[in-house]
Amino acid sequence: MYLTQEQQKILDGEKGEIMAKVMKTLVMYGDAFEAEKMVPVTSKYNHLVTSFGLGVMSPVYDLMQQLIDAGVVSGQQFSVDPRPLDKNVPKNLLQSLVFNKFMYNKQDFYEGQLKSLGLMNEDAFTCACYMDQVGNKPRKGDILSWAESSAVVYANSVLGARCNRNSGIVDIMGSIVGYVPYFGLLTDEGRKASWVIDVQTTKKPEAQLLGSAIGMKVMEDVPFIRGLDKWLGTELDDEACTYLKDFGAATASNGAVGLYHIENLTPEAVEMGKSLIKEGARVYVIDDAELERVKNDYPMIWKNPDAKPKLCFMGCPHMSLQQLKDWTDKVEKGLKDAGNKKVVIPTVFTAPPAVIKEFEKTPYAERLKATGVILSYICPLMYMNNPLCAKMPVITSSNKLRTYTTARYYTDGEILIQITKGGK
Amino acid sequence: MREFKGRVVTPGSVTAKAVVTKNGFNTLASLQKALQFGDKTATCNDQNNPDLYGKKLAGNILCLPQTIGSTTGGLVLYCATAMHRQPAAMLFSNHIDSLAAAGAVLADVWVEDASMPVIDCLGDEFLDYVKDGMNITVTEDGRVIVE
């Protein structure tokens, strides 16, 4: 890899041993992809994936402390994934004890480290940092050093920024040095599609299911998706962006998609059209039957498939302001139709802290509260990943949560019926 | 016995038994539970991966096409190595992906008392040939001997 004089000096230790190790990490990372050079990070803010103070992940905190002790901190401020704990989310005494005293006993310590390293603010804990209320929204063409699969795929696809699927720890290292290796999704060639997806469904496909199907098929390749503009339109309005947020998260977690193009909708597809498709690209046709097949193939991992759900999580990735308002309307109507006053399954909606603050300024907040739905900033995935919660029958419409935990996937419509009507 | 030649991502030599997945290896889903709850054998907990679910990963050579899933993947591999619960080596049939590369490099640069050789570009034929339990020897120059 070609390094500038400045970059070479850092690698040679002119800015200290720890900074040299950070640069060595980035150079080796780039060498794995035959990166020819490093390019400057141009976004205003960074985004980190590691938000959790898990006691057993001490190697992460030890490494972060080496950076802090050496004064090797980020020139960029950053947002970070959601917190793993929220006292408002239902848990029993044992769970509470295990979460606070054992699992996440490094949370306060780690949040202190994040502040030292450049955390944007106290509300900057969300996987959906690109929402207006959070304020970490890169510009088209910006070079990022982000991690968090759902945020990376959104930034690349919907915003037109350029970011590889960086890992946690590497995310902050690119930001510290101010450069990232130039390969993959940073390059024009790397942003071309090697799959064409033909959406031929007879109704608007469920975002999380369509994303899952595509992710499992194309893995880390770039798909060019035709036929979805019929359902989403050709404007990146709030509804389309919300759909693409959930769709993208499923492509990234059920596969390894870092960028997708939607014909006539996403910025590069609008600009360049079919010229984004590589010669010899493979084709995957998705119709109603294929989506049904994908859904039916999800493994059933509840010990008792007929167990009554004890908890429902919505908002992985975090919900938008409009989503919260829409779901308030839906839940109210569902309850009215069922003759119920409150949700019949304990239900948690999750959203960024800054979105929750905005939501609470609207009349919807009281209405949602009246339905019994709990609003939280928590990361459902972090809440679920322990043996106590793993045994609980939890339902969700998040395909990301389904992938990483024992939560069972239902479509949005099915979830609404479950939480408002239950077994009626 | 067959010998394959790949590209060295992080060097090292080791001999151990193979565990094989034809599907993408979801690092977080596979290893998170093992790391969180003191499972020194790093038993795979990814319900979506029937090739590996319930199998011991620590100390075995993981043969795979690529890793998938959460961008915590690299730091999970780094932590597994620092905690001495990593696979003995990782052998990729495809070109390595960015998350696995990050994990391999973080482990190589920042962990001093453990290692995890990583070889990629071994080809589809490698993954077709290798089966669970086969003995594999990995050499410093990227040769992989399967018997």
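These numbers come from the heavy atoms of this one structure, side chains and all, not from hydrogens, waters or symmetry mates. The chains referred to below are lettered A, B, ... by the order of the sequence lines, with proteins before strands, and numbering in each begins at 1.
Heavy atoms of B/N45 lying under 4.5 Å from chain A are absent altogether. For A/D62, no part sits under 4.5 Å from any heavy atom of chain B, backbone or side chain. For B/Q47, the parts sitting under 4.5 Å from any heavy atom of chain A are the backbone and the side chain alike. Contact of A/T25 with chain B is made through backbone and side chain together, with heavy-atom distances under 4.5 Å. Interface residue A/A252: only backbone heavy atoms are found under 4.5 Å from chain B. For a residue to count as touching a neighbouring chain, one of its non-hydrogen atoms must lie under 4.5 Å from one of that chain's; by this rule B/T10 touches chain A with the side chain only. At a 4.5 Å heavy-atom cutoff, A/M216 makes no contact with chain B through either its backbone or its side chain. Of the atoms belonging to A/V27, not a single heavy atom falls under 4.5 Å from chain B. Using a 4.5 Å cut-off between heavy atoms, A/D81 makes no contact with chain B at all. Interface remark: A/N166 contributes backbone atoms only to the contact with chain B (heavy atom separation under 4.5 Å). The contact between A/I18 and chain B is made by backbone and side chain atoms together, counting heavy-atom distances below 4.5 Å.
Annotation: A/E34, atom CD; neighbour count of heavy atoms from other residues, nucleotides and ligands within 6.0 Å is above 12. The local environment of NZ in A/K24 is sparse, with at most 12 non-hydrogen atoms from other residues, nucleotides or ligands closer than 6.0 Å. No more than 12 heavy atoms of other residues, nucleotides or ligands lie within 6.0 Å of CD in A/E17, so this atom counts as exposed by the packing criterion. Counted within 6.0 Å of CD on A/Q65, heavy atoms from surrounding residues, nucleotides or ligands total more than 12; the atom is thus considered enclosed. Around the NZ atom of B/K5, the shell of radius 6.0 Å holds more than 12 heavy atoms that belong to other residues, nucleotides or ligands. Counting non-hydrogen atoms of other residues, nucleotides and ligands closer than 6.0 Å to NZ of B/K33 gives a total of 12 or fewer.
Annotation: maximal heavy-atom pairing with chain A below 4.5 Å, among B/L106, B/N23, B/V111, B/V9, occurs at B/L106. Among B/D108, B/N26, B/T67, B/V8, the residue making the largest number of heavy-atom pairs under 4.5 Å with chain A is B/N26. With respect to chain A, the highest number of heavy-atom pairs below 4.5 Å among B/P50, B/G69, B/C79, B/A82 belongs to B/G69. Per-residue heavy-atom pair counts under 4.5 Å with chain B were compared for A/N254, A/V60, A/I301, and the maximum is reached by A/I301. Among the candidates B/G24, B/S70, B/G73, the residue making the largest number of heavy-atom pairs closer than 4.5 Å to chain A is B/S70. In terms of heavy-atom pairs under 4.5 angstrom with chain B, the leader among A/A256, A/S150, A/G215, A/G168 is A/G168.
Residues B/T71 and A/V170 are not in side-chain contact: their nearest non-hydrogen atoms beyond the backbone lie 4.5 Å or more apart. Between A/T405 and A/V394, every side-chain heavy-atom pair lies at or beyond the 4.5 Å cut-off.
Rounding to the nearest 0.5 Å gives a distance of 13.0 Å between CD1 of B/I61 and CE of B/M134. Between atom CE of residue A/M173 and atom OG of residue A/S145 there is a gap of 10.5 Å, rounded to the nearest 0.5 Å. Between the CD1 atom of A/I172 and the CG atom of A/L67 there is a distance of 6.5 Å, given to the nearest 0.5 Å.
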For side chain to side chain contact (heavy atoms under 4.5 Å, CB included), just list the numbers for A/M57 and A/K106, CA-CA rounded to whole Å, side-chain angles, deciding distance to a tenth of an Å, and then say yes or no. CA-CA 9 Å; A/M57 300 285 269; A/K106 285 268 191 182; over 6 Å; no
Mind running side chain to side chain donor-acceptor pair (under 3.5 Å) on A/Y29 and A/S167 for me, showing each step along the way? CA-CA 11 Å; A/Y29 176 50; A/S167 169; over 6 Å; no
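Under 4.0 Å is where a charged nitrogen must lie from a carboxylate oxygen, and between A/E220 and A/R165 no such pair does.
Inspection of non-hydrogen atoms places B/H95, B/I96, B/D97, B/S98, B/L99, B/A101, B/A102, B/V105 of residues 85-105 of chain B under 4.5 Å from chain A.
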